[in-house]
Protein chains: 2
Amino acid sequence: MAPSDTRAKIIEAAMELFWLKGYGSTSIADILSRTQLNSGSLYHFFPGKQDVLVAVLEAYRDGIGPMLLEPAWGGEPDPVERVFKLLALYRGLILQTECSYGCPIGSLALELHEADPAVRERLAQNFQAWVAAVRACFEAASDRFPPDTDFQALAEFVLTVMEGGVMQARTHRDVGYFDRNVAQLRAHIDLLTGARVPAAA
Amino acid sequence: MAPSDTRAKIIEAAMELFWLKGYGSTSIADILSRTQLNSGSLYHFFPGKQDVLVAVLEAYRDGIGPMLLEPAWGGEPDPVERVFKLLALYRGLILQTECSYGCPIGSLALELHEADPAVRERLAQNFQAWVAAVRACFEAASDRFPPDTDFQALAEFVLTVMEGGVMQARTHRDVGYFDRNVAQLRAHIDLLTGARVPAAA
DNA sequence: TTGACACTTGATTGACCGTTCAACTAAGCT
DNA sequence: AGCTTAGTTGAACGGTCAATCAAGTGTCAA
């Protein structure tokens with residue numbers, strides 16, 4: 001094994017466990033048994049459990065582009081449609097998990113009530129990176145929107161719709177809640193753009 | 001002390017502690033020290049910790065009307081403005097807590113990933129009651145909306161905006177995130193109603 | 001060959017967890 | 001008075017937790 005795959009293995013395992021069970025309910029022993037490591041190895045690379053969380057949040061942040069946006073967008077050329085392709089990806093995750101999907105960042109953001117500044121900062125960075133990508137989509141289609149449109153606020157709104165839709169779909173175990181939220185967002189954006197056809201007059 | 005204030009005291013204390021620290025991070029010992037009770041008393045009324053949670057969720061559900069909606073609405077007569085009065089109430093809570101407010105139901109919904117059916121059912125009931133109240137507001141002003149409006153979906157969308165706005169405001173420690181989300185919702189509803197004046201032509 | 005260093009081993013620690021239970025108190029009934 | 005029962009007491013239990021650390025192993029460069 002290459003030197004210090006260990007660190008990467010820990011992060012990978014912790015990423016999945018934090019997503020599945022949350023931070024508080026994931027024990028160090030859980031991470032160790034999944035990685036086949038001993039506690040000493042983990043504590044050689046991380047001062048404590050919270051530092052594993054910080055590393056996981058940094059991995060999510062750095063993976064937003066290659067792991068989330070590119071698979072979501074595929075070949076979609078239209079920037080506004082890319083936003084809905086991204087939401088469609090989340091819909092797929094909801095279906096794959098039989099409506100128990102929870103956004104890893106959103107779940108951690110709500111779980112960590114009195115979060116350490118280092119943790120909260122990384123959570124905010126994740127949201128910021130996601131919102132920035134969506135905002136860039138809208139700005140690439142800025143000619144379709146009213147001239148005074150606040151694209152930052154609109155992108156934050158998309159994040160809200162995703163998080164709220166995911167939360168309700170899981171609580172009710174029904175993807176329809178997600179779909180109706182996305183439909184409302186679609187209606188809102190159609191009203192804003194006057195449903196101008198993407199590449200036509 | 002009246003007979004079995006005890007039960008109510010436990011629920012009251014657990015309500016606040018679950019909100020402040022979450023369910024998993026609140027220990028039975030926390031509840032006992034706050035109520036000045038001994039463990040035997042708690043276990044006389046509740047089979048276990050989860051049953052305290054169920055009772056708390058039922059208390060929230062039954063308190064939505066008198067504890068949340070009535071204070072929020074005050075004398076506001078216009079049904080659509082009542083929805084925004086409700087959102088304004090949440091804004092006040094965010095400010096009171098220095099942007100660390102989290103919706104108790106939303107937080108529990110995200111924390112309890114693999115929740116017992118009894119718990120998930122109560123969480124869903126809370127969302128349903130909240131959404132039903134908002135839907136009733138919109139339906140009371142149905143003449144302002146397009147005839148094919150899906151008021152249930154619109155009310156679910158309001159819940160999404162609240163939860164998403166609260167989540168982002170807390171993560172960034174900035175109420176502006178909540179405000180911008182509400183502003184987007186306001187714009188959406190204005191577009192739907194054509195901004196028809198409430199009690200005029 | 002030697003020594004330095006990176007990494008691993010895994011038993012152990014002490015704190016805290018939810019829960020149990022036998023003993024006790026107090027009030028109401030007959 | 002005696003009996004019943006709701007409610008309380010608080011020590012104790014077995015389990016799990018994050019974290020520790022002294023003793024190792026393997027791998028380099030000098």
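Each chain gets a letter, A, B and so on, in the order the sequences are listed, and its residues count up from 1.
- Partners of B/Phe18 according to the ring pair (Phe, Tyr, Trp, His ring centres under 6.0 Å) rule, which considers only residues two or more places apart in sequence or in another chain, are B/Tyr23.
- In this entry the distance linking CG of B/Leu32 with C1' of C/dC17 reads 12 Å, nearest Å.
- For B/Gln125, the side chain to side chain donor-acceptor pair (under 3.5 Å) partners at least two apart in sequence or on another chain are B/Arg61.
- A search for side chain to side chain donor-acceptor pair (under 3.5 Å) contacts involving A/Arg120 returns nothing, not counting sequence neighbours.
- Looking at residues two or more places apart in sequence or on another chain, you find a salt bridge (Lys or Arg N to Asp or Glu O under 4.0 Å) between B/Asp30 and B/Lys21.
- In this structure, the salt bridge (Lys or Arg N to Asp or Glu O under 4.0 Å) partners of B/Arg91, at least two apart in sequence or on a different chain, are B/Asp179.
- Within the structure, side-chain hydrogen bond (donor to acceptor under 3.5 Å, both in side chains) pairs that include any residue of residues 126-141 of chain B comprise B/Tyr90-B/Trp130, B/Arg135-B/Gln152 (at least two apart or interchain).
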Pairs under 3.5 Å (N/O, protein and nucleotides 9-11 of chain C):
from, atom 1, to, atom 2, distance (Å)
C/dT9, OP2, A/Asn38, OD1, 2.7
C/dT9, O5', A/Asn38, OD1, 2.8
C/dG10, O6, A/Gly40, N, 3.0
C/dA11, N6, A/Ser39, OG, 3.1

For nucleotides 15-18 of chain D, print each protein N/O atom paired with a nucleotide N/O atom at under 3.5 Å, atom names and distance only.
from, atom 1, to, atom 2, distance (Å)
D/dA18, OP1, A/Thr26, O, 3.3
D/dA18, OP1, A/Ile28, N, 3.4
D/dA18, OP1, A/Lys49, NZ, 3.0
D/dA18, OP2, A/Ile28, N, 2.7

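- Not counting sequence neighbours, the partners of A/Glu16 by the side chain to side chain donor-acceptor pair (under 3.5 Å) test are A/Arg34.
- Applying the salt bridge (Lys or Arg N to Asp or Glu O under 4.0 Å) rule to pairs touching residues 44-60 of chain A yields A/Glu58-A/Arg122, sequence neighbours excluded.
- A/Ile31 has its CD1 atom 13 Å from the C1' atom of D/dA19, to the nearest Å.
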Protein and nucleotides 24-28 of chain C: nitrogen or oxygen contacts under 3.5 angstrom:
none

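- Separating the CG atom in B/Asp190 from the CG atom in A/Leu191 is a distance of 11.0 Å, to the nearest 0.5 Å.
- In terms of the side-chain contact (heavy atoms from CB on, under 4.5 Å) criterion, residue partners of A/Ala187 (sequence neighbours excluded) are, by chain and number, B/His188.
- Within the structure, a side-chain polar atom (N or O) of A/His44 is placed less than 4.0 Å from OP1 or OP2 of C/dC7.
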